[in-house]
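For the numbers below, each heavy atom of this structure counts, side chains included, while hydrogens, waters and symmetry mates do not. Quantities reported herein were computed from a predicted structural model and do not represent experimental measurements.
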Amino acid sequence: MLLAAAESGKVVPKADMNHPTLYRKRRMVEPDDVPRAVVTYGFIARDFGGLELEPHRHRKGQVVLVQSGALSCEVEGGLWIVPPRSAVWIPGNALHSIKVSGPLEGYGAFVDPEFTADLPLRCCAVSVTPLLRELLTRVARLPILYEENGANARLLAVLLDELAAAEIEHLHLPMPGDPRLRRIVEDLIGAPADRGTTDFWAKRAGLSARTMARVIRRETGMSFGGWRQQLGILLAVKWLAGAHRSSRLRMISDMKVCQAS
């Protein structure tokens with residue numbers, strides 16, 4: 001429904017194939033404005049060029065399947081990295097932001113709250129079965145205002161059943177909300193191989209090492225060292241998904257050095 005194909009990161013909806021007026025008026029369709037219980041979409045790009053969707057929310061819940069490449073999603077205090085052949089579920093009205101860099105192919109759906117009773121109440125990564133993957137890929141090709149009865153209704157009902165049965169994966173990292181820690185979080189995400197000491201990062205945040213350790217444990221339940229190592233692992237999953245072989249080898253080497261320090 002928002003099936004995209006692009007070479008330079010520009011997402012081009014496929015809605016015009018069935019509804020050219022909708023396409024001309026707005027390139028990206030607001031899912032809450034579409035009078036359908038499930039709004040499906042897809043996107044394909046050789047290079048998104050550092051696309052970032054600022055924090056936003058919508059009434060419908062959202063599932064995003066990554067077929068190739070990877071994306072990161074921050075949802076109300078948590079960071080999820082979605083590698084190839086995995087998906088993330090974002091409940092309706094949850095404030096979230098999404099970052100994408102490099103090549104990406106994915107599919108997903110927005111689901112009206114009336115049909116999410118059997119779906120998770122919190123954001124989570126979900127395991128994607130071959131059937132769920134094929135269903136998301138198939139429904140992405142429905143016209144934006146598809147017929148709600150017959151084969152389409154049966155197809156979407158199976159999709160919701162399969163999504164409700166999906167197992168939860170542990171690709172989540174709690175994120176601190178303290179603005180002093182958020183400053184160094186952004187720096188660490190930008191340069192995860194930076195081997196600065198705990199004292200160094202505490203000073204960057206304007207805190208003592210002891211205070212920073214106390215605050216990050218209070219907000220994430222983890223030590224600074226453990227949180228930082230988990231962040232590095234999740235980011236490595238994301239980058240390895242989209243990197244060329246030479247870049248992958250360099251990233252693995254950097255991560256080993258970082259873990260040994």
Side-chain angles (χ1 to χ4, degrees), residues 50-57 61-64 66 70-84 86-101 119-127 166-242 251-252 254-261:
L51 173 69
E52 180 173 352
L53 299 180
E54 295 295 329
H56 63 285
R57 66 179 85 232
Q62 179 180 8
V63 59
V64 183
V66 173
L71 60 80
S72 60
C73 178
E74 187 169 347
V75 183
E76 296 182 324
L79 176 68
W80 279 262
I81 301 297
V82 190
S86 292
V88 63
W89 165 253
I90 306 169
N93 291 316
L95 185 67
H96 61 284
S97 60
I98 294 176
K99 294 182 180 180
V100 181
S101 59
L119 300 179
L121 298 176
R122 297 179 179 274
C123 183
C124 60
V126 296
S127 178
E167 295 183 2
I168 295 177
E169 294 185 334
H170 300 288
L171 297 171
H172 161 250
L173 180 68
M175 296 290 279
D178 187 291
R180 297 167 296 180
L181 295 183
R182 292 296 302 187
R183 289 197 297 271
I184 65 172
V185 166
E186 296 301 324
D187 290 341
L188 283 166
I189 290 176
D194 191 319
R195 295 181 291 278
T197 64
T198 300
D199 287 337
F200 169 81
W201 289 109
K203 186 176 181 180
R204 289 281 292 271
L207 300 168
S208 68
R210 180 176 296 180
T211 300
M212 184 178 77
R214 184 176 67 250
V215 174
I216 198 165
R217 185 172 290 279
R218 182 188 69 212
E219 298 206 356
T220 69
M222 304 173 70
S223 68
F224 177 71
W227 183 91
R228 179 182 175 186
Q229 184 178 48
Q230 186 68 12
L231 173 66
I233 292 171
L234 289 180
L235 291 177
V237 168
K238 179 183 178 183
W239 287 328
L240 289 169
M251 290 175 193
I252 292 170
D254 286 346
M255 193 172 73
K256 286 181 177 178
V257 170
C258 184
Q259 289 178 338
S261 61

**Message:** Donor-acceptor pair, distance only, cut-off 3.5 Å: does the side chain of His56 make one with the backbone of Ser97?
**Reply:** no
**Prompt:** Looking at CG of Asp187 and CZ of Arg204, how far apart are the two atoms once the value is rounded to the nearest 0.5 Å?
**Reply:** 4.5 Å
**Item:** Trp227 and Met175, any side-chain heavy atoms less than 4.5 Å apart
**Value:** yes
**Prompt:** Sub-3.5 Å donor-acceptor pair from the side chain of Trp89 to the main-chain atoms of Pro120, do we have one?
**Reply:** yes
**Message:** Can you tell me if Arg122 has over 12 outside heavy atoms packed within less than 6.0 Å of its CZ?
**Reply:** no
**Prompt:** Going by heavy atoms in the side chains, are Leu207 and Leu181 under 4.5 Å from each other?
**Reply:** yes
**Request:** Report, as yes or no, whether the 6.0 Å neighbourhood of atom CG on Leu95 holds more than 12 heavy atoms from other residues, nucleotides or ligands.
**Result:** yes
**Non-hydrogen side-chain atoms of Cys123 and Val88 separated by less than 4.5 Å** = yes
**Asked** Are any side-chain N or O atoms of Arg180 and backbone N or O atoms of Ala205, one a donor and one an acceptor, separated by less than 3.5 Å?
**Response** no
**Request:** Please examine the side chains of Ser72 and Leu79, heavy atoms only from C-beta on, and report whether any two atoms are closer than 4.5 Å.
**Result:** yes
**Asked** Taking side chain as C-beta onward, heavy atoms only, is Ser86 less than 4.5 Å from Glu169?
**Response** yes
**Asked** Can you tell me how far OG of Ser208 sits from CZ of Arg214, rounded to the nearest 0.5 angstrom?
**Response** 7.0 Å
**Message:** Quick check: do Leu173 and Ile81 have side-chain heavy atoms less than 4.5 Å from each other?
**Reply:** no
**Asked** Do Trp80 and Val64 have side-chain heavy atoms sitting under 4.5 Å apart?
**Response** no
**Prompt:** Within a radius of less than 6.0 Å around CD of Glu186, do more than 12 heavy atoms belonging to other residues, nucleotides or ligands occur?
**Reply:** yes
